[in-house]
Amino acid sequence: MTSYDLITAAADNLWRMKLRSILTMAGVLIAIAAFVSMLSFGAGNQQYVNDQFEKFGLLTTMQVFPEEDKNGSDSVKAKVLNDSALALLAQIPGVRLAYPLEAFEIEAKLGDSAATLNAQAISSEVARTAAMSQYLAGTRFENDSAHQAVVTRDFVKRMGIAEADSAVGRELVVTARLVRIDSAWAAIISDKDGAIRKRLRAIDRDSIFEPGYMMGLLRRETSEALRRFYSGLMNNRELVTETLTISGVIPGRHESPMRIEQVILPLATARRLNDGDISMSPASLMSSFSSGSLPDMFAPKEGKSYPKVTLDFDPHTPFKSVRDSVKALGFKTYSFAEQFEEIQKMFIYFDMALGMIGLIALVTASLGIANTMIMSILERRREIGVLKALGADDSDIRRIFLYEAAAIGTLGATFGIIVGWGIARVASFVAQSFMRREGVEAIELFATPWWLIGIALGFGIVVSLLAGYYPARRAARLDPVESLRNE
Amino acid sequence: MTEPWIATKELCRYYQRGPQEIRAVDSVNLNIARGEFVGIVGSSGSGKSTLLNLLAGLDTPTSGSIAVGATVLSALSRRGLAGYRARQVGMIFQTFNLLPHHTALRNVEVALYFNDTPRNERHKRASEILTNLGMGDRLEHRPNALSGGEQQRVAIARALVKRPEVIFADEPTGNLDYENARQIAALLTDLNKEGLTVVMVSHDLELARSICSRIIKMHYGRVVEDSGAQR
Ligand SMILES: Nc1ncnc2c1ncn2[C@@H]1O[C@H](COP(=O)(O)OP(=O)(O)OP(=O)(O)O)[C@@H](O)[C@H]1O
Ligand SMILES: [Mg+2]
């Protein structure tokens with residue numbers, strides 16, 4: 001028998017027992033519909049997360065941090081993220097861009113509101129990476145020295161503007177204090193009203209070789225020097241002001257997984273504001289003092305180190321190879337791609353849990369198929385005998401029944417997929433209108449991708465074939481003489 | 001009756017019913033030549049149907065052998081035996097055994113499903129043979145719309161459509177009235193005259209005598225009389 005014969009025979013036989021066939025198919029239909037709608041939810045969630053990851057370029061972004069020396073005091077050995085490290089990182093195969101986080105304190109004025117906050121400088125190259133390309137309104141700044149700024153939605157809200165759109169084009173006045181390190185050094189030895197002489201005179205020369213006295217003296221003098229250094233730093237800063245135009249608004253920290261400062265400036269523009277010797281806020285400078293990491297802060301500008309470097313790499317480069325290269329250079333990494341793998345694993349379990357429900361229903365449906373087939377074999381004993389007398393061999397008979405089972409599975413699964421898809425659409429509609437009514441962004445939580453349809457169809461057919469296998473085998477082995485015997 | 005074509009040697013088919021062994025066919029040695037019209041007669045339960053089923057490859061012997069030409073049936077696999085039934089054998093039954101849900105035409109076509117006949121040829125050959133048997137205007141009728149005689153004609157068409165080498169008929173007239181029985185008997189005689197080998201089981205000794213070229217009588221599974229053997 002050809003497949004055509006088998007298919008028409010299966011169609012004939014199912015048509016002949018319409019009601020029974022429909023009921024059996026309904027079992028498969030319900031199971032597959034449950035399977036499809038459940039997994040559409042899983043797939044929709046996964047799709048949403050994947051889209052978010054892709055949208056923010058998280059899969060092609062990696063954060064690099066300096067390795068902290070866990071062995072304690074000797075911080076010289078720790079790898080520092082300086083410009084030479086930056087150059088090495090940029091040379092890693094697949095890395096398109098390596099850029100440091102350069103944050104500095106500014107005062108920003110927008111209309112009547114003002115705030116002191118951190119600004120971040122990025123080059124126009126960096127501005128073009130996916131991670132920096134999520135504009136809620138407006139667009140990126142034109143070039144590295146443009147008198148423009150990109151701000152986050154957090155910032156816009158903080159400045160009392162409700163809509164991101166209305167912030168674009170507004171004037172932003174940015175003020176920074178430039179810190180000159182020489183003014184700080186000068187303060188230490190500045191000798192207003194002969195202070196140094198007074199202090200020197202206060203030293204008791206006779207006790208100078210007593211260790212206790214010497215220690216106390218040193219401690220007193222050191223802290224005096226620090227006090228002067230700091231006040232020199234604070235009091236001798238020069239104010240620089242730039243008037244910029246807001247070119248675009250991007251999602252802020254709470255909306256984006258990226259750690260982004262509230263005001264983002266073009267690189268050259270930022271340099272004008274941040275041309276001091278120490279690119280740190282006074283507060284963090286103080287904490288550096290007390291933690292003893294000061295020498296780093298005084299290193300010349302070329303040798304300055306960054307708390308974090310961001311890598312933007314080619315999507316075709318596996319993140320693992322980039323990560324391994326970075327680790328080989330002695331740095332710590334953090335990558336969303338790594339999280340992404342974990343999330344994907346989690347989704348597999350999630351999907352499996354959802355799929356289980358459909359599969360249990362499918363197993364139940366398969367019992368229905370087996371039952372229907374066994375019934376029909378009992379009724380069709382004589383027919384089987386006749387076919388065998390006419391020359392059908394075991395495999396012909398087996399195939400006749402397997403094709404019927406497959407037809408039940410295929411039809412049941414096909415309609416099940418349609419119904420399951422419909423359920424997902426309805427659920428999605430209901431969920432989205434609910435989200436809208438609650439005033440949150442309506443996100444699509446259901447997706448019915450082709451692979452899901454393929455798997456559902458495959459499961460429907462395979463489970464039906466498994467259910468039909470035993471009855472078909474029984475039919476194939478029927479003794480024709482036995483089945484043709486009169487009464 | 002020269003060269004034997006179908007030959008059985010010590011052919012046995014036993015059934016075990018509890019402790020009792022039923023010898024449905026017992027040590028049958030039989031030679032049938034091409035073109036013979038063999039009638040198998042005997043009382044009920046004498047093993048006629050069992051013997052016929054063995055010859056038709058529908059049943060397998062407990063011991064002994066059957067050869068059809070160069071083919072030894074007992075050496076064939078289940079699949080091989082099915083091929084023998086599909087290509088060389090036409091079977092006719094007392095109760096017609098048509099598929100009740102299919103039309104007359106389809107019932108005949110089914111016989112060509114298992115011997116690789118192309119689909120369009122199946123249709124052509126089936127309607128041709130039904131027309132030849134006077135059923136040309138009943139092609140689309142289902143068995144329950146046909147009389148017993150008409151049903152048996154469809155069954156004969158189904159047996160003939162595959163152009164078999166031998167027809168095995170198990171009481172083909174058993175369910176028919178006198179007139180229909182005569183017509184079917186005449187049909188089988190015609191087919192035999194055209195050269196087809198026919199082996200027919202019958203209760204009706206008189207009918208068998210009038211149409212068969214050779215009568216074999218069975219009793220308790222054994223051949224007790226064979227008109228052909230004396231010749
Ligand atoms: N499956 C079976 N199990 C046990 N005994 C069987 C079986 N099939 C047939 N027999 C027995 O074998 C013997 C021969 O049966 P068979 O059907 O060949 O007789 P028959 O000559 O065709 O009879 P009838 O004229 O009534 O059709 C009978 O005694 C029957 O009861
Ligand atoms: Mg019989």
Side-chain angles (χ1 to χ4, degrees), chain A residues 1-21 372-373 375-404 407 472-487, chain B residues 13 15 24 49-50 52-54 56-60 76-103 106-120 122 142-143 155 158-159 161-162 164 168 170-171 174-175:
Chain A
M1 287 181 93
T2 63
S3 324
Y4 177 87
D5 298 335
L6 288 161
I7 289 167
T8 49
D12 270 359
N13 287 325
L14 294 179
W15 186 248
R16 202 200 306 159
M17 297 175 289
K18 279 185 270 303
L19 184 60
R20 193 195 294 174
S21 306
T372 303
M373 305 281 297
M375 292 283 289
S376 95
I377 287 164
L378 292 177
E379 287 165 17
R380 286 155 69 185
R381 275 174 67 90
R382 182 165 283 271
E383 179 187 331
I384 294 163
V386 171
L387 294 178
K388 284 201 156 187
L390 291 174
D393 68 15
D394 291 7
S395 77
D396 287 321
I397 303 294
R398 189 168 50 232
R399 270 153 59 205
I400 287 171
F401 283 89
L402 284 179
Y403 268 69
E404 278 176 38
R473 219 175 77 122
R474 243 178 76 157
R477 303 202 70 87
L478 274 186
D479 175 8
V481 177
E482 201 73 41
S483 22
L484 286 171
R485 179 166 289 127
N486 299 326
E487 270 79 297
Chain B
R13 179 67 169 102
Y15 290 107
S49 297
T50 306
L52 199 75
N53 289 336
L54 287 168
L58 210 55
D59 199 359
T60 44
L76 293 177
S77 62
R78 283 173 76 91
R79 173 180 286 245
L81 216 48
Y84 163 71
R85 296 195 299 264
R87 287 164 217 284
Q88 290 168 263
V89 173
M91 287 198 85
I92 302 169
F93 305 92
Q94 182 176 358
T95 52
F96 324 130
N97 279 331
L98 297 177
L99 302 177
H101 308 286
H102 293 315
T103 62
R106 186 72 186 278
N107 262 288
V108 177
E109 281 180 351
V110 168
L112 298 176
Y113 273 15
F114 309 108
N115 64 0
D116 304 327
T117 312
R119 209 180 329 137
N120 49 355
R122 285 200 304 241
R142 287 176 191 233
R158 182 177 66 182
V161 75
K162 63 172 87 160
F168 294 108
D170 194 349
E171 306 200 30
N175 270 22

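The sequence lines fix the lettering, A, B, ..., with proteins before strands; numbering per chain opens at 1.
Within 6.0 Å of the CZ atom in B:R78, the count of heavy atoms belonging to other residues, nucleotides or ligands exceeds 12. The neighbour count for A:R477 CZ, taken as heavy atoms of other residues, nucleotides or ligands under 6.0 Å away, does not exceed 12.
Closest approach of A:A392 to B:A82, counting heavy atoms only: O-CB, 3.8 Å. B:R85 approaches A:K388 most closely through the heavy-atom pair NE-O, 2.6 Å.
A:N13 does not touch chain B: none of its heavy atoms, backbone or side chain, sits under 4.5 Å away. If you measure heavy-atom distances from B:F93 to chain A, the contacts under 4.5 Å come from the side chain alone. Using a 4.5 Å cut-off between heavy atoms, B:L58 touches chain A through backbone and side chain atoms alike. Proximity to chain A involves both the backbone and the side chain of B:D59, based on heavy atoms less than 4.5 angstrom apart.
To the nearest 0.5 angstrom, B:R119 atom CZ is 6.0 Å from A:T2 atom OG1. With rounding to the nearest 0.5 Å, the separation of CG in A:L390 from CG in B:L99 is 7.5 Å. The CG atom of A:D5 lies 4.0 Å from the CZ atom of B:R122; values are rounded to the nearest 0.5 Å.
Residues of residues 108-116 of chain B that come within less than 4.5 angstrom of chain A, heavy atom to heavy atom, are B:V110, B:A111, B:Y113, B:F114 in numerical order.
The greatest number of non-hydrogen atom pairs below 4.5 Å with chain A, out of B:R87, B:R79, B:H102, B:H101, is found for B:H101. Most heavy-atom pairs under 4.5 Å with chain A: of the set B:K162, B:R158, B:M91, this distinction falls to B:R158.
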Please report the C-alpha distance between B:T95 and A:R382 in whole Å, then the side-chain angles of each, then the deciding distance to 0.1 Å, and finally whether the side chain to side chain contact (heavy atoms under 4.5 Å, CB included) criterion is met.
CA-CA 11 Å; B:T95 52; A:R382 182 165 283 271; 3.7 Å; yes

